[in-house]
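Everything on this sheet refers to the single structure shown next.
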2 protein chains.
Amino acid sequence: MDRLTALQVFRQVAELNSFAEAGRRLGLSPPAISKNIAELEADLGVRLINRTTRRMALTEEGRIYLEHVTQGLDALARADQVLGPIKTAPSGTLRVSAPMTVTLTRLSAAMPAFLSRYPDLKLDLHLDDRRVDIVREGFDLAIRGSDNLEDSSLVARKLAIMPHVICAAPSYFEKHGRPKTPADLKAANCIRFSLSGHADIWEFRKDGRAERIAIDGRYSVSSSLAVRDALRAGFGVSLIPYLYVESDLKAGRLQSALDDWDKVETTLYAVYPARQHLAPKIRVFLDFLIEEFSRDKEKPFVPPRREGSAKRGVGEATDAENQAEILPAISSP
Amino acid sequence: MDRLTALQVFRQVAELNSFAEAGRRLGLSPPAISKNIAELEADLGVRLINRTTRRMALTEEGRIYLEHVTQGLDALARADQVLGPIKTAPSGTLRVSAPMTVTLTRLSAAMPAFLSRYPDLKLDLHLDDRRVDIVREGFDLAIRGSDNLEDSSLVARKLAIMPHVICAAPSYFEKHGRPKTPADLKAANCIRFSLSGHADIWEFRKDGRAERIAIDGRYSVSSSLAVRDALRAGFGVSLIPYLYVESDLKAGRLQSALDDWDKVETTLYAVYPARQHLAPKIRVFLDFLIEEFSRDKEKPFVPPRREGSAKRGVGEATDAENQAEILPAISSP
DNA sequence: AGACATTATTTACTAGAAGAGAATGGTGAG
DNA sequence: CTCACCATTCTCTTCTAGTAAATAATGTCT
């Protein structure tokens, strides 16, 4: 039997002093009320209500039981009520894990605006280029690049595509020469972002032809910002998201190379545990991310590339592609 | 869905941090756990637990919900626990309604012994010769004679049979003559116990013949003790339970008449609301009553009566007859 | 690395229960 | 004294809660 409804029936009957009236209030037929009370009594082995067809009164046991039951039911009702506002408006603490560099270069400036839009929301933003276990560490959402994607049973929402460029400082190219083909990179001092999924092998495509170059170099570091610093210093060449070096390229501090080859595109995803019953705080942050990255549509930047094969820039993914999708596990070959 | 089990499942899962383990503890299969959680979440519209196949963690909403749910479940569990001792040992307050005279003459002397046998029990004994509505007035048990029995849907347990005698003071008989036949009573000054079911018509039987005598008299009173006082004073004649006048008859203060006729027998019943889930306090009092009235078996008193048709005295009912029985309504003809 | 074990979930499928409706017996009010 | 209402019983239907088997995912232990 459904104990909870039985208890609610008991309470209602006790308060109204009538089986029939309780039935009407609860939307149950008189037989249902009778049965519930009788089963509850049978279950407890205690008579709770003395009743004739015309009159009813709680037994002493019934009064004692009712007292505790009322407390319990009220507490449970309160539990449901507490969820009401949470279910509707963003509140509580939002724990987000995001990669360091893309956040600092593209996102963190907008965070205060986001937070002031939702006054009841607290944000706990962890900048970490590692791929964190968002369930174990209790994150509501993580931003990660496709090179770091592995979890399945999580939902991933595409945020942006980040084209990469091969670049170095003009001084570096002057000293070591500007690579004309991907193979030229084998001899170059390649600065590697160690946490990237494609740290040691850089892949290039052109006219359906793919070249996978195992690169090497003297500097491997776990932050793209450090990579950029090294590039600026003319220490070597690297494959790096265009976004991170956009201003450097425009200012001439860095120069790109191999522009007529297609390079890796890291797709940026928002990853969260489930699509069902998405908490408003997450929903709202997700919308913020989408809105923020789609801002590039208005002032699109297009990385230098060869003619006739223009790729979409960051935030230019189509609506269809932007549908969240369950990611299949990426099985390593 | 059964919300209560869903909540218990949720709690257990949260505490053990494992669906499978919770299932084992609760005696449910893993799918049942999954379904319960999923349905609870669907019902609330809130995700409570983030989970992969390998790891799970409460969401912030889950933690908040759990807190209240735990309180509620604990309160409900306490409700059940509180009933435990009550269900086992007699405790609380026992409210009993009993007729004045039989209680004072036969029962009240033994009450202290009964109460000291059950230290946790309080007795609220209402001496009232009216037929009270035991449900409306919240009595656990009522003692009443068969002449006062009318309730149905109540359980009645036979306690004793109370034979009646026709008697008066010797002085009365000397002055007004001793009745030889029931019809002689029509002329007598009959003292009536007004609350009796047979106050105005006294019935006699002999050899299958029944005589119903409509009697009259100058004194009608609502207490049998007052009737006895009047008898002792030689004011009139009355039909009265033998028990009430036993000592008077033995001492010669009163004398019986019409001994060769069978007279009314009031059967004494214990009446209580239900046989199912009989509270120990009631069970124990019922046993006390039965034991107390059965004491007469050892020193039986037999009212004076004609030879060859000896009736059973108080407490001599057979075991089979002592089975509690649901009383049919006594429909007046 | 790879086989294994454990875990959460999905999909049928089934036993059981919860509730409605009709009928019954009982009770108070007008 | 009739009427209306009430609690209960019985029967029946529907729906649900559970299991078993199968699947997918993931951590662990040689």
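Everything numeric in this text was worked out from a predicted model, so none of it was measured. Order of the sequence lines fixes the chain letters, A, B, ..., with proteins taken first and strands second; residue numbering starts at 1 for each chain.
Looking at heavy-atom distances under 4.0 Å, Gly23(A) makes no contact with the nucleic acid at all. Counting any heavy atom pair closer than 4.0 Å across all strands shown, Arg24(A) reaches sugar-phosphate atoms only and no base atom. The residue Glu21(B) sits apart from the nucleic acid: no heavy atom pair falls under 4.0 Å.
Between Ile37(A) atom CD1 and dC6(D) atom P there is a gap of 16 Å when expressed in whole angstrom units. Between Arg275(A) atom CZ and dT9(C) atom P there is a gap of 15 Å when expressed in whole angstrom units. What separates CZ of Arg3(A) from P of dA17(C) is a distance of 15 Å, to the nearest Å. Protein atom CG of Leu16(B) is 11 Å distant from nucleotide atom P of dA8(C), rounded to whole Å. The CG atom of Asn50(B) sits 14 Å away from the C1' atom of dA8(C) (whole-angstrom rounding). Between the CZ atom of Arg47(A) and the P atom of dA7(D) there is a distance of 13 Å, rounded to whole Å. Atom CG in Asn17(B) sits about 13 Å away from atom C1' in dT7(C), given to the nearest Å. Across the protein-nucleic acid pair, Ile33(A) atom CD1 and dT9(D) atom C1' stand 16 Å apart, rounded to whole Å.
Comparing Lys35(A) and Arg54(B) against DNA chain D, the residue whose closest nucleotide sits nearer the 5' end is Lys35(A). Comparing Ala32(B) and Arg136(B), the nucleotide of DNA chain C nearest to each residue sits closer to the 5' end for Ala32(B).
The backbone N or O of Thr93(A) lies less than 3.5 Å from a partner atom in the side chain of Lys281(A), making a donor-acceptor pair. At least one donor-acceptor pair under 3.5 Å links the side chain of Lys87(A) to the backbone N or O of Leu44(B).
Comparing dG19(C), dG18(D), dA8(C) by their nearest atom to the side chain of Leu28(B) picks out dG18(D). For Pro31(B), taking side-chain heavy atoms from C-beta onward, the closest of the listed nucleotides dG27(D), dT8(D), dT19(D) is dT19(D). For Arg51(B), taking side-chain heavy atoms from C-beta onward, the closest of the listed nucleotides dA8(C), dG19(C), dC6(D) is dA8(C). Checking dT8(D), dG27(D), dG19(C) against every side-chain atom of Thr5(A), the shortest atom distance belongs to dG19(C).
Contact annotation: Ser29(A) side-chain N/O to dA20(C) OP1/OP2 distance is under 4.0 Å. For the pair Ser34(A) and dT8(D), the criterion of a side-chain N or O lying under 4.0 Å from OP1 or OP2 is met. At the phosphate of dG28(C), OP1 or OP2 sits under 4.0 Å from a side-chain N or O atom of Arg55(A).
The local environment of CD in Gln276(A) is sparse, with at most 12 non-hydrogen atoms from other residues, nucleotides or ligands closer than 6.0 Å.
The cationic atom of Arg95(B) (NZ for Lys, CZ for Arg) lies less than 6.0 Å from the six-membered ring centre of Phe139(B) and within 45° of the ring axis.
Note that the CZ atom of Arg63(A) and the CG atom of Leu48(A) stand 11.5 Å from one another [nearest 0.5 Å].
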